[in-house]
Amino acid sequence: RQHVFHIPIFFIFLVSNAGGLLTPLGDPPLFLGFLRGVPFIWTLRLFPIWAFMVGFLLFIFYLWDRRSYAKEVHPESLEDIPGGGSLRTSDKVNFWLLGGIIASVFLPAPWREMGMAFMALGSWFLTPRLLRVENSFTFYPIIEVAVLFAGIFITMCPALILLAEHGREFGLQHPAQFFWVTGGLSSFLDNAPTYLTFFSIAHGMPGGTATVAGVPEPLLLAISAGAVLMGANSYIGNGPNFMVKAIADEAHFKTPNFFAYIGYAAVILGPLYALVTWIFF
């Protein structure tokens with residue numbers, strides 16, 4: 001297939017962001033909330049928003065992909081490719097190691113981090129080298145992401161400190177306000193530290209409802225949804241976004257540039273955010 005320009009865009013929308021809304025393992029902001037005392041299963045309360053976003057995005061992707069497939073001059077299916085008719089996996093030991101990483105999440109520090117590092121090293125030594133060669137595995141994407149986000153974290157620290165100190169002066173009170181402000185800043189400041197900043201701003205605010213880790217539940221729902229969903233608005237809104245682009249670029253897969261991607265996100269995701277606000281907040 002030649003007309004596949006849309007695939008990395010929707011992959012970032014769905015896999016790197018909206019799809020991770022249900023548990024702290026799905027997206028970095030929710031994991032930081034878990035470390036701040038938010039119960040692990042509390043994020044399942046975001047299921048209605050998750051189902052709405054994922055359902056609509058899958059539907060839009062289906063329509064877009066169907067139209068793109070119709071443009072193919074010589075379309076091929078998996079059955080047309082030798083050995084391509086079935087899906088299989090190799091070296092299943094990595095499934096056990098992935099399970100070990102998930103189990104490590106529930107350990108206290110520093111055992112949590114040590115457990116994850118141990119599983120990662122186990123994968124490196126136990127996975128046959130030939131599989132990495134066949135999958136064109138390199139460390140280039142993660143190195144590029146690490147360097148970029150190190151710079152982002154350093155330069156955005158003053159802005160986040162200013163927000164933490166004066167955030168309550170902005171007059172944020174309603175869930176819809178927290179949803180849009182958290183999401184708007186998450187689009188360009190990285191959604192994980194932005195989530196923590198507004199988590200701190202909302203901590204102890206009067207809400208007249210039950211609190212979760214000291215934050216009124218309606219506000220925490222809005223902050224969580226805003227950070228996770230709107231982290232998809234740019235390549236630097238969430239670490240996995242840029243990693244997907246780096247992997248695709250390294251494989252010579254055409255991806256939109258920084259500003260073109262923002263345009264796609266605004267057109268596709270913007271109306272969905274408005275509906276989420278109207279229905280849920």
Side-chain angles (χ1 to χ4, degrees), residues 7-8 10-44 46-47 50 54 58 78 83-150 153 190-193 195-196 224 227-228 231-232 235 237-251 253:
I7 291 179
F10 279 91
F11 191 94
I12 292 174
F13 290 170
L14 280 162
V15 180
S16 300
N17 293 277
L21 191 60
L22 285 185
T23 75
L25 297 175
D27 212 71
L30 302 184
F31 184 71
L32 293 180
F34 171 67
L35 296 181
R36 286 293 186 94
V38 177
F40 187 85
I41 63 172
W42 177 86
T43 48
L44 292 176
L46 293 161
F47 176 81
W50 174 89
V54 170
L58 285 174
L78 282 176
S86 60
L87 181 67
R88 61 185 179 85
T89 60
S90 301
D91 198 44
K92 296 179 177 59
V93 67
N94 280 285
F95 285 103
W96 293 102
L97 295 173
L98 181 60
I101 289 180
I102 295 174
S104 299
V105 169
F106 300 97
L107 297 175
W111 302 107
R112 175 176 53 244
E113 291 76 14
M114 291 174 60
M116 292 181 179
F118 179 79
M119 298 300 165
L121 288 173
S123 177
W124 175 256
F125 287 110
L126 295 176
T127 302
R129 183 177 180 275
L130 179 61
L131 288 181
R132 292 196 176 88
V133 173
E134 291 177 343
N135 285 280
S136 302
F137 174 84
T138 70
F139 283 106
Y140 172 77
I142 188 65
I143 292 174
E144 187 173 8
V145 170
V147 172
L148 174 67
F149 276 83
F153 288 151
D190 187 77
N191 59 357
Y195 169 94
L196 282 183
S224 301
V228 173
Y235 284 135
N238 193 12
N241 299 0
F242 197 80
M243 186 177 296
V244 171
K245 175 174 171 53
I247 293 172
D249 289 344
E250 189 182 26
F253 200 108

Quiz item: Between Leu30 and Thr23, is a side chain to side chain contact (heavy atoms under 4.5 Å, CB included) present by the stated rule, with each step listed?
Solution: CA-CA 7 Å; Leu30 302 184; Thr23 75; over 6 Å; no
Practice problem: Go through the steps to decide whether Ser224 and Thr43 satisfy the test side chain to side chain contact (heavy atoms under 4.5 Å, CB included), and finish with yes or no. | Solution: CA-CA 8 Å; Ser224 301; Thr43 48; 5.6 Å; no
Practice problem: Test side chain to side chain contact (heavy atoms under 4.5 Å, CB included) on Val105 and Met116 and set out the steps. | Solution: CA-CA 8 Å; Val105 169; Met116 292 181 179; 3.6 Å; yes
Practice problem: Would you please test Asn241 and Asn17 for side chain to side chain donor-acceptor pair (under 3.5 Å) and show each step? | Solution: CA-CA 8 Å; Asn241 299 0; Asn17 293 277; 2.8 Å; yes
Quiz item: How far apart are the C-alpha atoms of Ile12 and Tyr235, what are their side-chain angles, what is the distance that settles it, and do they pass the side chain to side chain contact (heavy atoms under 4.5 Å, CB included) test?
Solution: CA-CA 9 Å; Ile12 292 174; Tyr235 284 135; 3.8 Å; yes
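Checked by atom type, the side-chain pair Asn94/Ser123 shows a donor-acceptor distance below 3.5 Å. Between the side chains of Asn238 and Asp190, no donor N or O sits under 3.5 Å from an acceptor N or O.
Ala192 approaches Pro28 most closely through the heavy-atom pair CB-CB, 4.0 Å. The shortest heavy-atom contact between Leu97 and Gly122 is CD1-C, 3.7 Å. Here the closest non-hydrogen pair linking Thr127 and Arg132 is O-NH1, 3.3 Å.
Between the CH2 atom in Trp111 and the OG atom in Ser104 there is a gap of 12.0 Å [rounded to 0.5 Å]. To the nearest 0.5 Å, atoms CD (Glu250) and OG (Ser136) are separated by 8.0 Å. Atom CD1 of Ile102 and atom CG of Leu25 lie 6.0 Å apart (nearest 0.5 Å).
Using a 4.5 Å heavy-atom cutoff, the side chains of Phe10 and Val15 are not in contact.
The closest donor-acceptor contact from the side chain of Asn191 to the backbone of Ala227 lies under 3.5 Å. Between the side chain of Asn135 and the backbone N or O of Leu131 there is at least one donor-acceptor pair closer than 3.5 Å.
The ring pair (Phe, Tyr, Trp, His ring centres under 6.0 Å) test applied to Phe139 returns Trp124, Phe137, not counting sequence neighbours. Residues meeting the side-chain contact (heavy atoms from CB on, under 4.5 Å) test with Leu35, sequence neighbours left out: Phe31, Leu32, Arg112. Every residue two or more places apart in sequence or in another chain that forms a side-chain contact (heavy atoms from CB on, under 4.5 Å) with Val38 is listed here: Trp42, Tyr195, Phe199, Val212, Ala213, Leu220. In this structure Met243 satisfies the side-chain contact (heavy atoms from CB on, under 4.5 Å) test together with Pro141, Ile142, Val145, Ile247, sequence neighbours excluded. Listed by chain and number, the residues in a side-chain contact (heavy atoms from CB on, under 4.5 Å) with Asp249 are Lys245, Thr255 (sequence neighbours excluded). Partners of Phe47 under the ring pair (Phe, Tyr, Trp, His ring centres under 6.0 Å) rule, at least two apart in sequence or in another chain, are Trp50.
Aromatic ring pairs are classed by plane angle as parallel below 30°, tilted from 30° to 60° and perpendicular above 60°; the pair Phe40 and Phe106 is tilted.
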